[in-house]
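Beneath this line is the structure, given in structure tokens, with notes to follow.
All residue numbers refer to positions in the sequence shown, counting from 1.
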Amino acid sequence: RAFCEVTFAGYAEAVRDPVEAVRMVDEAKKMLKLDDEANDHWYPSSEFDVEMLTKCNDYVKRTFEGDRYGVIKSDRWNDANRWLLNGEKSEPDFGFDSTVWNAPGNVLAGNGLARKMMEDANASAVHFKQTYGRRPSLAVITVGSLKRYSHSDRRLQIYSDPINSWFSKTKSGEANGFDV
């Protein structure tokens with residue numbers, strides 16, 4: 001459990017400041033003399049490392065729910081078990097501890113609901129394209145501005161990836177079958 005808590009905290013730090021996370025890993029590599037092994041696991045470029053970490057962070061942000069990264073639902077856990085066991089049957093939720101992998105029950109976890117709505121919208125867009133031979137179009141009109149949306153780049157960095165965010169409407173639309 002302690003390992004998972006530290007891992008979740010590490011996800012959060014890497015998402016919030018990928019440049020600092022890369023610097024810390026570089027420091028650890030020097031302390032452990034990993035660069036002295038002629039190891040080819042790392043391309044020797046901080047810019048490359050930040051770019052790769054940012055891409056990994058986009059995947060991790062898809063697991064954000066409630067107040068934490070790394071949330072896993074039991075159906076996803078069971079799918080992973082089936083894959084690991086090459087399709088052999090295992091008992092449902094084998095090894096799954098919901099107290100570790102789920103968001104706390106007292107926190108509203110809207111990301112899961114948003115993911116489900118996005119899946120439904122994508123299915124609708126696919127059906128529309130099959131029926132009418134083109135992608136559906138969506139126009140977004142912004143009237144005025146709200147102070148709470150003035151930090152959209154930072155919110156996108158911390159809470160979502162570009163293909164699933166209100167703060168990147170065109171990319172989200174493209175990824176889900178809509179022309180925006």
Side-chain angles (χ1 to χ4, degrees), residues 1-73 76-77 79-80 83-84 96-104 107-119 121-122 140 142 145-178 180:
R1 183 176 193 93
F3 171 80
C4 288
E5 288 174 5
V6 171
T7 301
F8 297 152
Y11 289 158
E13 290 302 316
V15 167
R16 281 181 168 68
D17 192 348
V19 173
E20 178 63 9
V22 165
R23 190 197 64 72
M24 291 169 65
V25 169
D26 285 344
E27 185 178 322
K29 288 185 332 192
K30 287 176 188 163
M31 288 171 51
L32 297 171
K33 299 182 185 328
L34 294 177
D35 287 334
D36 296 348
E37 300 174 357
N39 194 330
D40 66 351
H41 286 82
W42 294 283
Y43 182 78
S45 162
S46 291
E47 293 83 16
F48 176 80
D49 292 344
V50 170
E51 180 183 350
M52 291 303 102
L53 180 56
T54 300
K55 290 180 184 299
C56 290
N57 286 347
D58 284 345
Y59 180 77
V60 167
K61 287 184 281 187
R62 293 178 195 162
T63 69
F64 184 83
E65 203 159 307
D67 67 345
R68 68 182 63 169
Y69 299 97
V71 171
I72 299 176
K73 298 293 186 187
R76 186 170 174 204
W77 183 272
D79 288 346
W83 179 78
L84 288 168
F96 182 71
D97 182 350
S98 63
T99 64
V100 172
W101 297 107
N102 285 336
V107 176
L108 177 62
N111 290 23
L113 176 60
R115 274 190 291 279
K116 174 69 175 119
M117 292 172 68
M118 198 69 92
E119 289 169 8
N122 182 275
V140 179
T142 303
S145 63
L146 295 174
K147 185 176 180 178
R148 69 176 176 228
Y149 295 129
S150 63
H151 305 292
S152 60
D153 290 342
R154 182 71 172 151
R155 294 176 124 201
L156 178 61
Q157 177 191 354
I158 294 173
Y159 298 116
S160 190
D161 63 294
I163 65 168
N164 290 305
S165 177
W166 172 256
F167 297 110
S168 58
K169 297 167 194 70
T170 303
K171 288 181 183 176
S172 293
E174 178 69 28
N176 289 286
F178 291 84
V180 179

Original post:
Step by step, would you call V22 with V25 a side chain to side chain contact (heavy atoms under 4.5 Å, CB included)?
Top reply: CA-CA 5 Å; V22 165; V25 169; 5.8 Å; no

**OP:** Kindly indicate, with the supporting measurements, whether the criterion side chain to side chain contact (heavy atoms under 4.5 Å, CB included) is fulfilled by M52 and E47.
**Re:** CA-CA 9 Å; M52 291 303 102; E47 293 83 16; over 6 Å; no

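- In this structure, N176 contributes its side chain and S172 its backbone to a donor-acceptor pair below 3.5 Å.
- Aromatic pair F64/Y69: ring centres closer than 6.0 Å.
- Within a 6.0 Å sphere centred on NZ of K55, heavy atoms belonging to other residues, nucleotides or ligands number 12 at most.
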Subject >> Test log, rule salt bridge (charged side-chain N to carboxylate O under 4.0 Å, His left out), inputs R16 and E13 >> reply: CA-CA 5 Å; R16 281 181 168 68; E13 290 302 316; 5.9 Å; no

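- In terms of modelled atom types and a separation under 3.5 Å, the side chain of R68 and the main chain of N102 share a donor-acceptor contact.
- The OG1 atom of T63 lies 8.0 Å from the CZ atom of F8; values are rounded to the nearest 0.5 Å.
- V140 is listed as a side-chain neighbour of V180, based on a closest heavy-atom distance under 4.5 Å.
- Here CG of L53 is found 11.5 Å from CZ of F48. Values are rounded to the nearest 0.5 Å.
- A donor-acceptor distance shorter than 3.5 angstrom exists from the side chain of R115 to the backbone of R62, with no hydrogens or angles considered.
- A distance of 7.5 Å separates CG of D58 from CG of L156, quoted to the nearest 0.5 Å.
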Original post:
Does the side chain to side chain contact (heavy atoms under 4.5 Å, CB included) test come out yes or no for K73 and D79, once each step is laid out?
Top reply: CA-CA 10 Å; K73 298 293 186 187; D79 288 346; over 6 Å; no

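- For the pair K61 (side chain) and Q157 (backbone), a donor-acceptor distance under 3.5 Å is present.
- The two residues I163 and A175 have their closest heavy-atom pair at CB-CB, 3.5 Å.
- Between R76 and V71 the shortest heavy-atom distance is NH1-O, 4.1 Å.
- Residues A21 and A14 approach most closely at CB-CA, 3.9 Å, considering heavy atoms.
- Here NZ of K29 is found 5.5 Å from CG of D49. Values are rounded to the nearest 0.5 Å.
- Checked for salt-bridge contact, K171 and E174 miss the test: no charged N lies under 4.0 Å from a carboxylate O.
- The minimum heavy-atom distance linking S46 with D26 is given by the pair OG-OD2, 3.4 Å.
- Here the SG atom belonging to C56 is positioned 10.5 Å from the OH atom belonging to Y11, to the nearest 0.5 angstrom.
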